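Below: one structure, written as structure tokens.
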Amino acid sequence: MKYFLIEADRRISNIPKILSWYEKFDIRNICLKNAHKLPARELLFLESNKETIFTDVMSIPFFLVSARIKQVIQMYDSSIILKELVLLDKTNERAERYFIPIFDELECLHEDSEFNMDRSKIKKIVLSRKAIGESSIFRIADYEKPYVIGNLDIVESILRRNCVGLQLTELEIKD
């Protein structure tokens, strides 16, 4: 089975810019152990911009998905916890629903993976087939940056829905 890193497309510059999110969210709570500390639903305000493009995946300030991708995730794993966010641009009277998915975190990096000097970022992801098991979508454990990985089945389902703002990178897998 092939696996892909799922990220927001960095070429899109007019993504929604969330204001004062840090007052309501501690990103350390975006994990299974602390998910109960996050509100089930929250309203966050956006920097006003008529040119904002509401993409289906956002990586900043944390990993967010649109309702369209949420449905795909739930088709493949109904146990994933999803916290709802409403993003509001009051000036331009625009609002969109997003979700913070709380994925299983797997220690799944093969020894051939490459890191920056302090190992806080992964330069080259190489997955361990044994550690992944049958997981369809998950997050790599122990990194603040959300390295979200999906298998070919879930990625194809997402692509069939003509999602906007998605960047996929096929990853190497070793035994």
Side-chain angles (χ1 to χ4, degrees), residues 1-13 15-18 21-22 25-38 55-66 68-83 85 98-175:
M1 177 66 73
K2 293 182 179 183
Y3 283 84
F4 297 82
L5 176 64
I6 302 170
E7 301 177 282
D9 188 340
R10 291 181 286 263
R11 297 173 298 177
I12 299 175
S13 60
I15 61 169
K17 292 185 178 46
I18 302 171
W21 62 268
Y22 45 84
F25 284 96
D26 182 344
I27 61 172
R28 294 173 295 189
N29 291 333
I30 303 176
C31 63
L32 289 175
K33 182 177 78 172
N34 295 331
H36 66 281
K37 295 179 182 179
L38 295 171
T55 58
D56 287 293
V57 172
M58 294 195 311
S59 300
I60 298 171
F62 33 79
F63 193 79
L64 295 170
V65 297
S66 66
R68 187 175 2 195
I69 292 184
K70 170 193 172 253
Q71 290 175 325
V72 174
I73 290 170
Q74 289 180 315
M75 283 183 350
Y76 286 86
D77 189 345
S78 60
S79 69
I80 291 177
I81 299 167
L82 293 136
K83 302 293 184 166
L85 290 181
Y98 280 87
F99 298 86
I100 303 172
I102 314 293
F103 297 114
D104 282 338
E105 294 186 19
L106 302 181
E107 293 180 14
C108 59
L109 293 176
H110 189 272
E111 61 188 27
D112 291 348
S113 295
E114 296 174 11
F115 308 89
N116 66 348
M117 292 290 281
D118 66 357
R119 294 183 67 89
S120 64
K121 292 191 172 114
I122 308 169
K123 291 166 75 173
K124 179 183 177 190
I125 298 172
V126 180
L127 299 173
S128 167
R129 189 178 318 279
K130 195 181 338 180
I132 294 170
E134 297 297 315
S135 299
S136 58
I137 190 164
F138 57 91
R139 183 175 165 168
I140 296 175
D142 301 326
Y143 287 89
E144 188 173 304
K145 179 183 190 278
Y147 294 100
V148 176
I149 312 298
N151 70 14
L152 182 61
D153 293 339
I154 199 165
V155 166
E156 285 179 338
S157 291
I158 289 169
L159 291 174
R160 278 194 294 274
R161 285 158 178 79
N162 297 318
C163 293
V164 175
L166 184 69
Q167 182 171 312
L168 301 169
T169 307
E170 187 173 349
L171 301 174
E172 187 178 349
I173 302 173
K174 292 190 175 180
D175 290 322

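Worth saying up front: this structure is predicted, and the values here are computed from it rather than measured.
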(request) Report yes if the side chains of F63 and I6 come closer than 4.5 Å at any heavy-atom pair, otherwise no. (result) yes
(request) May I ask you to test the Y3-V155 pair for a side-chain heavy-atom distance under 4.5 Å? (result) no
(request) Test F4 against E156 for side chain to side chain contact (heavy atoms under 4.5 Å, CB included), laying out the working first. (result) CA-CA 11 Å; F4 297 82; E156 285 179 338; over 6 Å; no
(message) With a 4.5 Å cut-off on side-chain heavy atoms, are I149 and L5 touching?
(response) yes
(message) Using modelled atom types and a 3.5 Å cut-off, is there a donor and acceptor pairing between side-chain atoms of S59 and backbone atoms of A8?
(response) yes
(message) Using modelled atom types and a 3.5 Å cut-off, is there a donor and acceptor pairing between side-chain atoms of N29 and backbone atoms of L38?
(response) no
(request) Over all heavy atoms of both residues, which pair between S120 and D118 is shortest? Give the atoms and the distance, please. (result) OG-OD1, 2.7 Å
(request) Please tell me if the side chains of I30 and K83 come closer than 4.5 Å, counting only heavy atoms from C-beta onward. (result) no
(message) In the structure I gave you, are the side-chain heavy atoms of Y143 and L109 within less than 4.5 Å of one another anywhere?
(response) yes
(message) Quick check on Q74: does its CD atom have over 12 non-hydrogen neighbours (other residues, nucleotides or ligands) under 6.0 Å away?
(response) yes
(request) Applying side chain to side chain contact (heavy atoms under 4.5 Å, CB included), run through M1 and D153 and close with a yes or a no. (result) CA-CA 9 Å; M1 177 66 73; D153 293 339; 3.5 Å; yes
(message) Could you measure the distance from the NZ atom of K2 to the CG atom of L152? Nearest 0.5 Å is fine.
(response) 6.5 Å
(message) I'd like to know whether I80 forms a side chain to side chain contact (heavy atoms under 4.5 Å, CB included) with I137, so could you lay out the CA-CA distance, the side-chain angles of the two residues, the decisive distance to 0.1 Å, and finally the verdict.
(response) CA-CA 10 Å; I80 291 177; I137 190 164; 3.7 Å; yes
(message) Assess whether a salt bridge exists between K145 and E7, defined as any Lys/Arg side-chain N lying under 4.0 Å from an Asp/Glu carboxylate O.
(response) yes
(message) Do I140 and I122 have side chains that approach each other closer than 4.5 Å (heavy atoms only, starting at C-beta)?
(response) yes
Please tabulate, for the side chains in residues 161-175, all donor-acceptor contacts under 3.5 angstrom to protein atoms that are two or more places apart in sequence or on a different chain.
unit_1: R161; atom_1: NH1; unit_2: S157; atom_2: O; d: 2.6
unit_1: K174; atom_1: NZ; unit_2: D112; atom_2: OD2; d: 2.4
unit_1: D175; atom_1: OD1; unit_2: R129; atom_2: NE; d: 2.8

(request) Please name the pair of heavy atoms, one in E105 and one in D142, separated by the smallest distance, quoted to 0.1 Å. (result) OE1-N, 4.0 Å
(request) Identify the heavy atoms of F103 and R139 that sit nearest to each other, and give their distance. (result) CB-N, 3.9 Å
(request) Starting at CD of E107, measure out to OG of S128 and round the result to the nearest 0.5 Å. (result) 11.0 Å
(message) Any side-chain to backbone donor/acceptor pair from S113 onto I125? Under 3.5 Å, distance only.
(response) no
(message) Please give me the minimum heavy-atom distance between I132 and S135, naming the atom from each residue.
(response) O-OG, 3.1 Å
(request) Please work out whether the ring planes of F62 and F25 are parallel, tilted or perpendicular, with thresholds of 30° and 60°. (result) tilted
(request) Over all heavy atoms of both residues, which pair between R28 and N34 is shortest? Give the atoms and the distance, please. (result) O-ND2, 3.6 Å
(message) Quick check: closest heavy atoms across A131 and C108, and the distance to 0.1 Å?
(response) CB-CA, 3.6 Å
(request) Side-chain contact test, heavy atoms from C-beta onward, threshold under 4.5 Å: evaluate it for Q71 versus F99 and give yes or no. (result) no
(message) Counting only heavy atoms not in I60 (residues, nucleotides, ligands), do more than 12 fall under 6.0 Å from its CD1?
(response) no
(request) Drop me the distance from I102's CD1 to H36's NE2, to the nearest 0.5 angstrom. (result) 11.5 Å
(message) Run the side chain to side chain contact (heavy atoms under 4.5 Å, CB included) test on T55 and D9 for me, step by step, so that the C-alpha distance in whole Å, both residues' side-chain angles and the decisive distance to 0.1 Å come before the verdict.
(response) CA-CA 9 Å; T55 58; D9 188 340; over 6 Å; no
